[in-house]
Engineer: 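After the structure tokens below, expect a handful of questions from me.
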Number of protein chains: 2
Amino acid sequence: MQLAVSTVIFALREDEQSARRRGPELWLPLVVRVRDPYDGHWALPGGPLREDEGLADAAARTLAETTGLRPAYLEQLYAFGAPERGGAAERVVSIVYWALVGSEEAARARVGQNVRWLAAERLPRLAFDHNLIVDYALWRLRTKMTYARIAHAFLGETFTLRELREVHEIVLQRDLDPANFRRQVEADAAVVPTDEFRTGGRHRPARLYRYNTAIEPVDLGPLTPRPAAPTHTDAAPGGAAQHRTSKQRSRP
Amino acid sequence: MQLAVSTVIFALREDEQSARRRGPELWLPLVVRVRDPYDGHWALPGGPLREDEGLADAAARTLAETTGLRPAYLEQLYAFGAPERGGAAERVVSIVYWALVGSEEAARARVGQNVRWLAAERLPRLAFDHNLIVDYALWRLRTKMTYARIAHAFLGETFTLRELREVHEIVLQRDLDPANFRRQVEADAAVVPTDEFRTGGRHRPARLYRYNTAIEPVDLGPLTPRPAAPTHTDAAPGGAAQHRTSKQRSRP
DNA sequence: CCAAAAGTGTTTCAGCTACACCCATGA
DNA sequence: TCATGGGTGTAGCTGAAACACTTTTGG
């Protein structure tokens, strides 16, 4: 019997191939298997747990080794251990994590013949029970997005409320009222306004916001004391991409 | 490295020793360790995973072997695998489940020198990281009780709304308005009225209710398809204890 | 009769939703 | 000046909370 750690990694990306689809979607990096069982099938990045390594550390390590990514959010998802799930091979119990990475970090991902991004909504048949795992991770992401402050993990250090709202809209698959979304976000102090604005659109500049690292996210698991200090969540560095940034005074 | 499965088992019990405390509280059965590390300390029931056994099956088996209990609710809690948690012994990764058992089933538990019930709120120092695990399970129980229909797992097949409300009050540690509680429970069809009433108190008889097995509980994990059919939840048999039961017509 | 819990009705308040409207910018 | 999104105001609905009140039993 073997113990492995795997990770479902989500990022928002545009479809570079088909021009039909518009706007970013949820994608995840997968690794192709090069031996039986499931030779040639896509599988979640992962690997065996090392002797002196924590579970989350193993997730972060295997994830970095295969994709080169450093996630902004990492949380344990579930342990899978049905005896049949190995598919005729030696039995494997997998402790699965799920991770979120920002768009800029995702663009830096090391892809190639063995590693590729696939759209979460239209996956082929994956190796083992990995389709079930991805579906569960998607469900967890959507459920948690409605009550926890995790959307910023898909974005850079600062972001406009529109950008934050679009993350919610893509993940939850429905439009949100901009006015009400603004008020909800401003209500809890999870996100704080900066003095900077995003200009460049042919419209009024939008204020940039920053994630409030003082307020901490909702449960990351038992290892983070319930009302507590930061650990896993580690904001991705970098600023804006195709927009300029200007500093202005906030209204008196 | 070793893989084990343990379970945090909750039941509502009266304190039989100290007459000072009144009303039931959350208790859990623990097992005393008979060798190092933590020789003599209390620990969660559990054991190694067998080769051809699912994770939940292992939890149910070890739980039954040590305590004789058959839980009404069983769900995976978390996987614990920090390298240091073994305390100088061989490293152990534990996949921990949490379970609820009804009061009658709890009374049938096999206790003795090695197995004993302890009050969840005033535990001694347990073996390994088991205090942390129990605290997390307690937090999960309380969180889930507020939105999921799991309270009936502490009760028999039929119950009055007062009994159901008292379960909530004990777990959530606050009083609930009987009128509002009634309406909330009746609003979702999770619980259905029977034609029977609990008599014997010096007051108006209370209608007995039954859990609606057609409506299914909120997420039990990835293995239960999201809106789906029963699996783990297996209602404990048996009826009322110290009260008579009478059959009456419901009002026209 | 009284005490006690079962069960019903009603008012109030907070939060969410929908949507009208003004503001600031680039072209 | 117009189109576009940024940002504000507000009326209406819904559900939770608080609490007054009626009903039915045992003593």
Side-chain angles (χ1 to χ4, degrees), chain A residues 22-23 145-147 155 158-170 172 174-210 240 242-252, chain B residues 22-23 145-149 155 158-169 172-210 240 242-252:
Chain A
R22 64 274 187 259
M145 182 79 80
T146 63
Y147 70 91
L155 299 169
T158 61
F159 44 85
T160 67
L161 288 186
R162 156 173 277 266
E163 290 163 352
L164 189 65
R165 175 166 53 86
E166 279 179 338
V167 171
H168 278 84
E169 289 179 341
I170 292 162
L172 301 180
R174 63 192 177 90
D175 290 349
L176 300 173
D177 184 309
N180 296 332
F181 181 80
R182 162 181 303 273
R183 273 183 292 253
Q184 283 171 13
V185 168
E186 283 170 344
D188 68 86
V191 142
V192 291
T194 69
D195 286 350
E196 297 193 305
F197 291 79
R198 176 100 74 217
T199 59
R202 24 184 303 177
H203 53 76
R204 180 171 169 179
R207 186 180 291 274
L208 288 172
Y209 288 75
R210 177 188 308 281
Q242 65 210 26
H243 285 295
R244 283 173 288 128
T245 279
S246 72
K247 193 159 196 167
Q248 294 178 210
R249 206 65 303 256
S250 54
R251 214 162 296 132
Chain B
R22 63 274 187 258
M145 181 79 81
T146 63
Y147 69 91
R149 320 180 250 262
L155 299 169
T158 61
F159 44 85
T160 66
L161 288 186
R162 156 173 277 267
E163 289 162 353
L164 189 65
R165 174 167 55 85
E166 278 179 339
V167 171
H168 278 85
E169 289 179 339
L172 301 181
Q173 295 178 301
R174 64 193 177 89
D175 290 348
L176 299 173
D177 185 309
N180 296 331
F181 182 81
R182 162 182 301 273
R183 273 183 292 253
Q184 283 171 15
V185 168
E186 283 170 342
D188 68 88
V191 143
V192 292
T194 69
D195 285 351
E196 297 193 304
F197 291 78
R198 177 100 74 218
T199 59
R202 26 184 302 180
H203 53 76
R204 179 171 169 179
R207 185 180 290 274
L208 287 172
Y209 288 76
R210 176 188 308 281
Q242 66 208 27
H243 285 295
R244 281 173 288 130
T245 280
S246 71
K247 192 160 196 168
Q248 294 179 208
R249 203 69 304 253
S250 55
R251 212 163 298 132

Engineer: Measure from CZ on A/Arg182 to C1' on D/dT10 and round the result to the nearest Å.
Structural biologist: 17 Å
Engineer: With the side chain of A/His203 defined as its heavy atoms from C-beta on, choose the nearest nucleotide among D/dT8, C/dA6, D/dG5.
Structural biologist: D/dG5
Engineer: Quick one, A/Arg198 and A/Arg162 - any side-chain contact, counting heavy atoms below 4.5 Å?
Structural biologist: no
Engineer: Test side-chain contact (heavy atoms from CB on, under 4.5 Å) on B/Arg149 and B/Val191; report intermediate values, then the result.
Structural biologist: CA-CA 9 Å; B/Arg149 320 180 250 262; B/Val191 143; over 6 Å; no
Engineer: Please classify the nucleic acid contact of A/Ala187 as base, sugar-phosphate, or nothing, using heavy-atom distances under 4.0 Å.
Structural biologist: nothing
Engineer: Would you please confirm or rule out a distance under 4.0 Å between OP1 or OP2 of D/dG6 and any side-chain N or O of A/Arg207?
Structural biologist: no
Engineer: For A/Arg202 and A/Tyr209, take the nucleotide of DNA chain D holding the closest heavy atom to each; which residue's nucleotide lies nearer the 5' end?
Structural biologist: A/Arg202
Engineer: At under 4.0 Å between heavy atoms, which parts of nucleotides 10-17 of chain C does protein reach? Answer with one letter per nucleotide, 5' to 3': B base, S sugar-phosphate only, - none.
Structural biologist: B------B
Engineer: Please find the pair of heavy atoms, one from B/Thr158 and one from B/Leu208, that lie closest to each other, and give the distance.
Structural biologist: OG1-CD1, 4.0 Å
Engineer: Taking the side chain as every heavy atom from C-beta outward, state whether B/Arg165 and B/Val185 have any pair of such atoms under 4.5 Å apart.
Structural biologist: no
Engineer: Cut-off 3.5 Å, side chains only: do A/Glu186 and A/Tyr209 have a donor facing an acceptor?
Structural biologist: yes
Engineer: Donor-acceptor pairs under 3.5 Å, side chain of residues 174-181 of chain A to any protein atom, not counting sequence neighbours: which ones?
Structural biologist:
| residue | atom | partner | partner atom | Å |
| --- | --- | --- | --- | --- |
| A/Asp177 | OD1 | A/Ala179 | N | 2.8 |
| A/Asp177 | OD1 | A/Asn180 | N | 3.2 |
| A/Asn180 | OD1 | A/Arg183 | NH2 | 3.0 |

